[in-house]
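What follows is one structure encoded as structure tokens, with my remarks underneath.
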Amino acid sequence: MSGAEVSLEHLYRVFTMPEGKDSKLAQIEQHLSDNLSDFLSQHVVAKVNSLEQIEKSFAEYSVPETPEFVSKHAEDLLDKLVANSVNTYSPSFIGHMTSALPYFHLPLAKLLVGLNQNLVKIETSKAFTPLERQVLGMMHELVYDETPDFYQTYLHNANHALGAFCSGGTIANITALWVARNKALPANAEFKGVAQEGLVAGMMHYGYKNMAIISSKRGHYSLSKAVDLIGLGRQHMLTIDSPSQRLSPDKALAMGKQYQQDNNKVLAIVGIAGTTETGHIDPLDELADVAKELGCHFHVDAAWGGATLFSREYHRLLKGIEKADSVTLDAHKQMYVPMGAGMVLFKDPSDSNAVRHHAQYILRAGSKDLGATTLEGSRNGMAMMVYASLHIFGRQGYELLINQSIEKAKIYARMIQSHPDFELVTSPTLSLLTYRLNPQEVQTKMKSHPQLAHDINIQLDNLTVAVQKQQREAGKSFVSRTRLQTEKYPEHAITVFRVVLANPLTTETDLQNILDEQIAIANNTDTWKTLCSTHKKAN
Ligand SMILES: *Cc1c(COP(=O)(O)O)cnc(C)c1O
């Protein structure tokens with residue numbers, strides 16, 4: 001195959017000329033728009049190759065010397081990349097928070113790239129900047145429900161921001177704690193503020209030895225990245241054991257008080273609305289009071305659970321979120337927007353000024369450039385996808401989606417509970433739950449002989465790992481796994497299957513098939529046979 005011509009003429013054509021109607025790229029484009037699920041089932045051949053094999057097709061390490069025809073390259077992508085991708089649209093892929101998207105995002109994604117606006121500054125995003133501010137306003141109202149006057153004042157105010165749009169929950173959490181840190185060590189007559197003088201000077205000025213955040217053990221690892229990055233250090237992310245999967249306000253208060261006795265400062269209490277592993281929601285209302293008593297920032301990580309606010313029925317689960325100083329939301333989770341759509345919202349619209357930054361050529365004082373108060377610089381117009389989704393679904397549409405996910409999780413929990421060889425480990429608050437395989441006779445034995453639980457749990461852990469891996473490798477369906485401390489076995493963590501019922505297209509039949517497959521795989525393992533034979537006799 002001869003390469004493309006190395007000339008500016010050729011390159012200009014690459015910039016300007018659409019490929020012919022029958023070119024490979026045009027065919028891909030057509031197939032994607034005509035029938036995405038058909039495209040995926042035809043081209044995404046799950047689990048034919050091992051990761052090692054796939055790595056071999058990505059073994060080049062030099063920049064290709066000469067240009068290649070677009071269509072030739074498109075074929076390459078189909079073979080190497082698309083064929084080995086994971087079909088996250090599959091209704092049997094219930095292990096993670098990434099799922100099928102509504103079809104309209106596909107043409108909108110083309111529009112987004114076609115316009116290629118840069119939200120860092122008004123000069124490259126004249127209409128997108130107000131649009132993003134409006135999206136932040138809508139989500140702010142969903143959380144904080146302020147007055148119409150409030151939104152009229154702040155929605156497009158150059159000196160305030162209701163939040164920051166960002167690539168995801170991680171950056172949102174980092175931004176929230178960055179704001180909290182700068183507010184905790186503010187400027188005064190003798191001190192120019194931590195943003196200017198740095199953390200060491202700030203801590204000395206205020207007489208603090210250390211600074212920490214407090215959350216439950218179920219806090220997302222992005223919090224630990226955040227405390228590292230804002231200079232507190234990972235040791236100063238204080239986590240509290242939570243066998244019930246929820247942070248105890250009493251324990252948080254006791255820990256905070258003890259920590260502050262010694263010239264230390266609690267920077268923030270972080271409540272989680274929808275933990276990544278089990279979907280539990282911390283008692284936000286009480287935690288807000290704890291933060292108040294400790295005199296610290298209250299942040300709520302609602303990356304997963306925030307969308308629950310759309311539901312009149314389940315809204316109450318997040319009671320107290322409106323007391324948070326800052327809230328993280330991920331539209332690329334339960335709002336079914338493509339990845340790259342995180343948000344942090346501030347109760348007080350002047351909070352974002354704690355991290356405001358000006359530069360000469362852009363972000364000038366008084367400008368409405370969003371880049372002045374965001375951690376990220378150049379950013380695309382993902383807010384358009386959120387805006388479109390909010391209109392196309394409406395609150396009522398999202399409510400239906402949220403309610404059906406939670407109800408499906410409850411149905412799945414009942415299927416697990418009614419099967420003698422499964423054990424439900426955490427029941428669903430939102431659309432997440434965890435469980436494991438545990439032969440009926442072993443469950444009985446563990447009840448009558450609690451002293452055996454530790455050893456049996458180790459065998460059950462091996463069983464869970466083996467079944468999860470084999471199911472994943474078989475490629476028909478996917479559940480994830482994690483290790484949890486639970487109320488039943490508070491002394492040691494156990495390994496469990498974790499499912500996230502995010503895909504609206506997952507049916508009860510899909511769920512039954514997943515359970516049947518797990519039983520079939522388990523029956524063939526030596527661990528299962530050993531467990532059953534050992535404990536049968538003794539009962
Ligand atoms: C997903 C998630 C995050 C991280 O968000 P990213 O978008 O992956 O950066 C943080 N916290 C919670 C609770 C999450 O579910």
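Order of listing sets the numbers, starting from 1, for every ligand and every atom in it. Only this structure's heavy atoms are used, side chains among them; waters, hydrogens and symmetry mates stay out.
For the residue pair H299 and S326, a side-chain donor N or O sits within less than 3.5 Å of a side-chain acceptor on the partner.
Distances from ligand 1 to the non-hydrogen atoms of H332 include at least one value under 4.0 Å. The shortest heavy-atom distance from S222 to ligand 1 is under 4.0 Å.
Proximity to G168 (heavy-atom distance under 4.0 Å) selects the following atoms of ligand 1: 7 (O), 9 (O). Short contacts between ligand 1 and G274, defined as distances under 4.0 Å to a heavy atom of the residue, involve ligand atoms 13 (C). Close approach of ligand 1 to H220 is summarised as follows: ligand atoms under 4.0 Å from at least one heavy atom of the residue are 2 (C), 3 (C), 4 (C), 10 (C), 11 (N), 12 (C), 14 (C). Within ligand 1, the atoms closer than 4.0 Å to a non-hydrogen atom of D330 are 1 (C), 5 (O), 6 (P), 7 (O), numbered from 1 in the order shown. Shown in contact with T276 at under 4.0 Å from a heavy atom are these atoms of ligand 1, numbered in order with element: 12 (C), 13 (C), 14 (C), 15 (O).
Ring geometry, H140 versus Y151: the interplanar angle exceeds 60°, so the pair is classed perpendicular (tilted spans 30 to 60°). Ring pair H43/F39 is tilted by interplanar angle, where 30° to 60° counts as tilted.
The shortest N/O to N/O separation between S167 and ligand 1 does not fall below 3.5 Å. Some N or O of G169 is nearer than 3.5 Å to an N or O of ligand 1, by distance alone. On a distance-only criterion, T275 and ligand 1 share no N/O pair closer than 3.5 Å.
In terms of protein heavy-atom proximity, atom 9 (O) of ligand 1 is nearest to T170 OG1, 2.6 Å. Regarding atom 15 (O) of ligand 1, its nearest protein heavy-atom neighbour is K333 NZ, 2.8 Å.
A donor-acceptor contact shorter than 3.5 Å links the side chain of R498 to the backbone of T276.
With respect to S477, the side-chain hydrogen bond (donor to acceptor under 3.5 Å, both in side chains) criterion is satisfied by exactly one of Q471, R472, Q518: Q471.
With ring centers used as reference points, Y412 lies under 6.0 Å from Y435.
Nearest-heavy-atom check against atom 12 (C) of ligand 1 across D301, V300, I174, L223 picks out D301.
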